[in-house]
Amino acid sequence: MTPSDHSASAVVTRFAPSPSGHLHVGGARTALFCWAFAKGHAGTFVLRIEDTDQKRSSDAASIGFVKDLLWLGIGFDEGPEYQGQGGGANGPYFQAQRLDIYQRYFEMLLASGDAYYAFESADELTALRAEAKGKNQPFRYTGESARARAPAEVQRRLDGGEAAVIRFHTRAGAITIHDEILGDATLPEGEVDDFVIRKADGFPTYHFAVVVDDELMGVTHVLRAQEHFNNSAKHIVLQDALKFRRPIYGHLPLIFNPDGSKMSKRDKDKVLRKAVAEKGLTSPPVGTVDPLVFSAWLKDKNTQLDLEAAQSLALAIGAVLPEINVDDFRKSGYLPEVICNFLSLNGWSPGGDLEKFDTEFLKKHFDLSRVVKTAAKFDRTKLLAFNLDAIQAMSRDDFIARVSSHGREMHPEFMSKLTDAQFRSLCDASHERSKTLDELFRANTFIITADDALTWDEKAISKHLRGGEPTGAVHLAAARAILAGCSDWSVASLESALKPFAQSLGNVGKIAQPLRVAVSGESVSPPIYDTLAILGKASSLRRIDRCLASL
Ligand code: GLU
């Protein structure tokens, strides 16, 4: 059988994540390319959940993957059923639900002599590996004695409940992998040994399940990360033994940090460790991480805090963890269309100088010939610039709608404390400076802080209230008197009420900064008249009074 067997079929691609953890941006890029390629060829995009490693897989992770893909706008034609997506004639789309299907193919291979039971225990395999290492040779399981075993003996041992795996009998010969992106590569004879296809727990290995499913789901093009390139050799020998069609392969370059390191969870840990060291923390802030876990983590640099613990600690100490997963970018207020645009440029380009395009464009133009072979570098600064541009290009109404939907999901408490009018004013005051949809919430927690709970940044107080001649506090008291007389609390009236006084001081900052620090606690906030208008008269005056009293 040859790849041409698929040539008359409509294109079918698949994204096949293993559901542990969260959808990494690299995985999202694979999904995006698979989707674009299928859509560009009027084909089908399949989502298949590869959950045969039961210990590492979880339903929560599977749902998370589906949600992240849909958030990015990557819908699937076949796959797990979720909110009107998925379903399909080739299901189930969870590998753990396909064990009876795999069993049929195990039996075929056992019957044809292409597979056999093997009974080595983990200890025996370790000893064999050590022996190979001692001889300075790579370990290759060849299984002559296992294959020579009489069928009756095999049956007796299986009936006796002995643990066994099924191994594929790889025949002699070199194996050539054709790859549309990387070109051809030939693995010499002996490189692929008699590998396990069914584990002792009855589950297929990744290699086996992927081959059976790609055939039964009619997958014509396998586009996946380069780390799977060598695995293709195992897939090819299995396809041949099972008389399956051969999909066309395209292995996509990995995505690295600009310094060439892998983009992984470890990046978050590094940032957190640095922030903890800078603050000299020896115990965790209350309510973040279990103190025992924290001290064990501090002692052993090879350990990592779990994601939730890391996030709560980061929040408490003001550390900003780098985004790695799609979900991180979503929480940080990146736009899904920007992520898709940016990810498309990580390993592919439409040619020329064109960099900004949408997924409609990608669908039309994505092709394997322009996928690069070398690793892509994930340039966060550029991503942020893309996000800023997209936000600045939004209409006022769009911006409000999108920030509000982000807020309802990520900051429900903030949203519940603001009236519609306050929220709109805050959006208007923040749009021009927003690089993400999240900044507005992060930067303005002072708005939802109770007036009596507001605290002031010491540095800001000493610079803007204690400093100056006369001091900022003196100007603040004068401004307070003017504000108290304002009956109309709109941005325009506040501005016209305070302007003459500000002008008399020769510098608006002389009253803007003391006022800002007094009502927000910090020296940065939206424009001062907007800030006052959003807070309202009672809150503003109360905060100013408390601030003056605290001096
Ligand atoms: N389950 C594999 C992974 O998550 C997918 C491999 C493939 O696409 O064949 O890496």
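Order of listing sets the numbers, starting from 1, for every ligand and every atom in it. Start at 1 with the first residue, then count along the sequence.
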Atoms in ligand 1 flagged as close to [X], the criterion being non-hydrogen separation under 4.0 Å:
X: Ser18; value: 1 (N), 2 (C), 3 (C), 4 (O)
X: Tyr206; value: 6 (C), 7 (C), 9 (O)
X: Val210; value: 9 (O)

Item to complete: With Lys39 as the cation and Phe45 as the aromatic partner, state whether NZ or CZ is under 6.0 Å from the six-membered ring centre and within 45° of the axis.
Response: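 The answer is no; the distance or angle limit is not met.
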Worksheet entry | Contact (N/O only, under 3.5 Å) between Ala16 and ligand 1 |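 In this structure, Ala16 places an N or O atom under 3.5 Å from an N or O of ligand 1.
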Looking only at protein heavy atoms, which one is nearest to [atom], and what is the separation?
atom: atom 1 (N) of ligand 1; answer: Glu50 OE1, 2.6 Å
atom: atom 10 (O) of ligand 1; answer: His228 NE2, 2.8 Å
atom: atom 8 (O) of ligand 1; answer: Arg14 NH1, 2.7 Å

Discussion item. Under the criterion side chain to side chain contact (heavy atoms under 4.5 Å, CB included), I'd like the reasoning laid out for Trp297 against Val276: C-alpha separation, chi angles, the key distance, then a yes or no.
Written reply: CA-CA 11 Å; Trp297 171 75; Val276 164; 4.1 Å; yes
Worksheet item: Does the side chain of Asp358 come under 3.5 Å of the side chain of Asn341 through a donor N or O and an acceptor N or O?
Response: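 No, no side-chain donor-acceptor contact under 3.5 Å.
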Discussion item. What I want to check is whether the side chains of Asp367 and Trp348 have a donor and an acceptor closer together than 3.5 Å.
Written reply: yes
Worksheet item: Relative to the ring of His41, is the ring of Phe37 parallel (under 30°), tilted (30 to 60°) or perpendicular (over 60°)?
Response: tilted
Worksheet item: Are the ring centres of His235 and Phe208 closer than 6.0 Å?
Response: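 Here the rings of Phe208 and His235 have centres that are no less than 6.0 Å from each other.
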Worksheet, complete the sentence: Within the 4.0 Å heavy-atom cut-off, what Glu227 brings close to ligand 1 is neither
